[in-house]
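Just so we're on the same page: letters track the sequence lines, and every chain starts at 1.
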2 protein chains.
Amino acid sequence: MQTRRTTLADVARAAGVSKATASRVLGGSADRVSDELRERVLRAAADLDYVPNPHAQALARAVSPLVALIVHDVADPYFSEIARGVFHAAAESDRLVMICNTFRDPDRELAYLRTLRAQRVQAVLVAGTARSGFELGSEVAAELDLYRAEGGQVAVMVAGHGYPAAVPDDRGGGRQVGEHLLALGHRQTAVIAGPSGVGSVDERLAGFLDALVGSGAPEPVVVHSDFTRRGGADAVDEILAARPGTTAIFAHNDLMAVGAIRRLAAAGRRVPDDVSVAGFDDMPLAEDLQPPLTTVRVPLAELGAEALRMALDGAPGDETRLFETTLVARGSTAPVDGR
Amino acid sequence: MQTRRTTLADVARAAGVSKATASRVLGGSADRVSDELRERVLRAAADLDYVPNPHAQALARAVSPLVALIVHDVADPYFSEIARGVFHAAAESDRLVMICNTFRDPDRELAYLRTLRAQRVQAVLVAGTARSGFELGSEVAAELDLYRAEGGQVAVMVAGHGYPAAVPDDRGGGRQVGEHLLALGHRQTAVIAGPSGVGSVDERLAGFLDALVGSGAPEPVVVHSDFTRRGGADAVDEILAARPGTTAIFAHNDLMAVGAIRRLAAAGRRVPDDVSVAGFDDMPLAEDLQPPLTTVRVPLAELGAEALRMALDGAPGDETRLFETTLVARGSTAPVDGR
DNA sequence: TAGGGTTCTGTAACCGGTTTCGAAACCGGT
DNA sequence: ACCGGTTTCGAAACCGGTTACAGAACCCTA
């Protein structure tokens with residue numbers, strides 16, 4: 001039966017004023033209105049249960065109070081933790097958040113970006129991008145630039161090029177893992193890296209190599225794989241084939257580490273007795289796994305919150321805020337000769 | 001430098017037609033347009049890189065292609081799994097999804113609902129509601145009804161009252177757990193229930209009691225607690241105090257089960273040797289825990305997807321689709337005398 | 001008391017689309 | 001050549017707000 005919504009005009013009529021005055025008092029405009037009229041308008045609005053139409057506002061004001069967060073997959077703990085941070089920061093300034101799930105599909109990502117631009121959302125935060133790395137000049141970058149040219153704010157959470165960025169110190173984290181494993185006496189190492197071309201992957205790897213250099217340990221076996229449990233498991237097969245004597249594995253995220261541990265068990269290797277495994281991100285439950293996972297804590301929620309603030313504050317394109325990572329040593333790593 | 005967006009009027013001018021015709025060809029209207037003009041308009045739109053402004057469309061059409069999903073917390077695996085399903089279903093019909101995080105705050109939930117109503121989103125899906133149960137007549141229900149009266153679609157994923165619902169067979173799941181524990185010989189049981197008043201909590205508990213009835217086993221100790229790890233851990237203290245001889249615990253979700261296992265370990269009880277623990281939901285990683293968690297699988301993603309379809313298809317308010325649950329027996333439960 | 005400056009309010013244009021309605025063009029049939 | 005019926009198209013109204021602009025009312029000063 002489609003009841004009609006009450007509009008600003010209804011309120012104005014009920015209060016006996018013009019739409020303009022009603023808008024002024026309701027819309028929080030800078031213009032002043034006499035106390036009496038203000039009172040009348042507010043009462044009328046309350047009586048009629050008036051709620052402004054955000055589309056009309058967005059159209060008139062040419063901006064909507066929406067913020068978009070682009071992720072690969074909300075169900076991935078990495079992204080859902082970032083999302084949590086973004087939501088918290090958004091609540092502070094009374095803004096709504098729209099999460100866009102690309103499922104790592106570049107086309108979908110692009111489609112979202114176009115929609116968001118059209119939607120004139122106030123800010124878009126890119127937590128993960130489907131194209132590898134998103135170089136300047138890519139379609140994604142072009143779309144983002146267009147968006148910015150039209151007044152939108154952008155912040156990214158991947159090693160950025162030209163956008164304000166809030167990123168974890170991936171390189172430092174990688175180094176911490178390297179040092180940890182070295183200290184435990186490991187020399188035959190391997191790393192299960194994320195998809196090649198992704199910025200954080202290169203950084204984590206570089207940090208790890210930084211630590212190894214000069215230690216006399218041989219180069220690690222490096223296998224690129226998906227950021228999933230399955231990816232981690234499959235990588236183990238390759239590693240075992242390439243270097244059967246591997247005693248320590250550094251997986252680029254916790255999910256891969258879990259998969260690796262499972263596959264190692266299936267292959268008859270005990271963790272950490274036969275081979276140590278370290279992850280990255282310190283996802284929830286990492287400490288409840290079998291065995292508890294040694295990993296690197298990344299302040300993902302703060303990262304998301306900060307990204308939003310940077311975007312809203314209009315941080316300059318070359319500003320990058322680095323977030324410290326900390327190694328969390330747990331049961332999945334042990335001294336090489338320790339049994 | 002704020003470049004102006006290209007509007008429909010620009011396209012129309014470039015194509016030498018009126019706004020009306022341009023709208024007709026671009027907006028997928030039913031009205032027919034000659035092939036020649038259609039061609040001209042399409043070319044102009046492509047040349048100018050035209051993207052329609054969804055706010056203007058929403059304003060004119062009185063509906064926006066947005067779908068909202070209300071959850072307590074995206075970072076909770078229960079909800080992120082539902083979200084994943086919703087995203088998939090939304091992608092099928094080319095719709096965008098807005099996730100609203102209430103953090104279990106009733107005021108925030110209400111605020112979201114009002115905004116969504118104003119926003120004229122096409123559908124709102126309620127996966128979790130902050131008020132206990134959301135009875136008919138509550139503020140939330142009032143807001144939802146208002147929304148529906150204005151043409152919005154609603155579907156819920158909690159035991160509903162008057163809304164189309166896609167819900168798991170919580171009662172059946174509870175019964176499965178009860179039967180499982182009984183079959184293992186347990187008689188001194190306890191249940192860590194979710195917050196009292198929540199529909200699914202009552203159902204899971206009722207199912208569990210269904211199984212116990214007639215078995216001769218004494219009534220379980222029931223402790224209500226938060227759906228968190230912490231909640232599960234704290235509940236263990238109460239249970240141990242109330243019935244020290246407890247040999248099996250049914251936690252209403254996996255997170256609580258994890259917390260319970262940890263606290264039991266701290267109290268010197270081994271799982272499953274001394275006490276068996278079963279969870280609910282079969283969250284990702286449940287099988288990788290220490291020990292692997294016996295739990296009940298709930299098809300959350302399908303549930304979310306189905307809820308969206310029901311809403312969009314305008315399912316009647318009394319329609320409830322029940323999703324089968326299946327018990328997944330793993331290492332956290334064992335025969336009562338089995339050591 | 002006239003003149004100038006504030007302060008408040010209303011009119012109307014505008015944001016960028018969609019859609020109603022009527023005019024114009026075209027059709028085949030007498 | 002004339003006519004009723006379709007089809008195609010454009011002018012203009014509308015969706016529901018915001019805001020530039022101008023007028024009215026008020027104040028204070030000379």
Side-chain angles (χ1 to χ4, degrees), chain A residues 2-42 44-45 48-65 114-115 117-121 150-151, chain B residues 2-41 44-45 48-66 114-115 117-121 150-151:
Chain A
Q2 285 284 81
T3 52
R4 209 179 59 83
R5 286 197 48 208
T6 85
T7 81
L8 185 65
D10 297 332
V11 176
R13 198 175 315 117
V17 302
S18 71
K19 268 172 65 184
T21 341
S23 170
R24 283 190 262 258
V25 6
L26 263 8
S29 154
D31 293 2
R32 296 207 50 75
V33 175
S34 73
D35 287 348
E36 195 214 319
L37 289 197
R38 161 180 311 277
E39 184 57 31
R40 290 225 305 267
V41 170
L42 287 177
L48 298 174
D49 196 23
Y50 170 71
V51 180
N53 180 329
H55 293 300
Q57 288 183 315
L59 191 56
R61 292 209 261 240
V63 63
S64 90
R114 309 192 108 231
T115 309
R117 173 162 75 88
Q119 194 114 8
R120 292 176 169 292
V121 299
E150 289 168 6
Chain B
Q2 285 285 81
T3 50
R4 210 180 58 84
R5 286 196 47 209
T6 83
T7 80
L8 185 64
D10 299 329
V11 175
R13 198 175 316 115
V17 302
S18 72
K19 271 173 63 184
T21 3
S23 170
R24 283 190 261 258
V25 5
L26 264 9
S29 152
D31 293 2
R32 295 206 52 74
V33 174
S34 73
D35 288 348
E36 197 213 318
L37 289 197
R38 162 179 309 277
E39 184 56 32
R40 291 225 305 266
V41 170
L48 298 175
D49 195 23
Y50 170 72
V51 181
N53 180 329
H55 292 301
Q57 289 183 316
L59 191 56
R61 292 209 262 242
V63 63
S64 91
L66 235 50
R114 309 192 108 232
T115 310
R117 173 160 74 88
Q119 193 114 8
R120 291 177 170 290
V121 299
E150 288 168 6

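- Of the listed nucleotides (D:dG10, D:dG17, C:dG16), C:dG16 has the atom at the smallest distance from the side chain of B:Asn53.
- Pairing each heavy atom of B:Val17 with each of B:Val41, the nearest pair is CG2-CG2, 3.8 Å.
- Side-chain atoms of B:Leu59 lie closest to D:dC15 of the nucleotides C:dG10, D:dC15, D:dC9.
- Here the C1' atom of nucleotide C:dG16 and the CG atom of B:Leu26 are 13 Å apart, to the nearest Å.
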For this session: Applying side chain to side chain contact (heavy atoms under 4.5 Å, CB included), run through A:Arg114 and B:Asp49 and close with a yes or a no.
Result: CA-CA 10 Å; A:Arg114 309 192 108 231; B:Asp49 195 23; 2.7 Å; yes
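- Closest approach to the B:Ser18 side chain among C:dG17, D:dG10, C:dT18 is made by D:dG10 (side chain taken as heavy atoms from C-beta onward).
- Here the P atom of nucleotide C:dG16 and the CZ atom of A:Arg117 are 13 Å apart, to the nearest Å.
- Under the Watson-Crick or G-U wobble criterion, with both distances below 3.5 Å, D:dC2 is paired with C:dG29.
- Between A:Leu37 atom CG and D:dC26 atom C1' the separation is 15 Å, expressed in whole Å.
- For B:Pro52, the side-chain atoms get nearest to C:dG17 when compared with the rest of C:dT18, D:dG16, C:dG17.
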Exercise. How far apart are the C-alpha atoms of B:Leu37 and B:Arg40, what are their side-chain angles, what is the distance that settles it, and do they pass the side chain to side chain contact (heavy atoms under 4.5 Å, CB included) test?
Worked result: CA-CA 5 Å; B:Leu37 289 197; B:Arg40 291 225 305 266; 3.5 Å; yes
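- With a cut-off of 3.5 Å on both Watson-Crick or G-U wobble distances, the partner of C:dG10 is given as D:dC21.
- What separates CZ of B:Arg38 from P of D:dG10 is a distance of 14 Å, to the nearest Å.
- Listed here is the closest heavy atom pair of A:Leu8 and A:Ala22: CD1-CB, 3.7 Å.
- Place B:Ala60 and B:Ala20 on DNA chain D by their nearest nucleotides, and B:Ala20 ends up nearer the 5' end.
- In this entry the distance linking CD of A:Gln57 with C1' of C:dC14 reads 16 Å, nearest Å.
- Distances from the side chain of A:Leu8 to the nucleotides D:dG10, D:dG17, C:dG17 place D:dG17 closest.
- Each of C:dG17, D:dC9, D:dG17 was ranked by its minimum atom distance to the side chain of B:Lys19; first place goes to C:dG17.
- Residue A:Ser34 places no side-chain N or O under 4.0 Å from the OP1 or OP2 atom of C:dT7.
- The nucleotide whose nearest atom lies closest to any side-chain atom of B:Arg24 is, among C:dT18, D:dG10, C:dC15, D:dG10.
- Rounding to whole angstrom units, CD of residue B:Glu36 and P of C:dC26 are separated by 12 Å.
- Close to C:dT18, at under 4.0 Å from its OP1 or OP2, lies a side-chain N or O of B:Ser23.
- For B:Ala56 and B:Thr21, each mapped to the nucleotide of DNA chain C holding its nearest heavy atom, the one lying further toward the 5' end belongs to B:Ala56.
- If you measure from atom NE2 of B:His55 to atom P of D:dT18, you get 14 Å, rounded to the nearest angstrom.
- B:Thr7 approaches B:Tyr50 most closely through the heavy-atom pair C-CE1, 3.6 Å.
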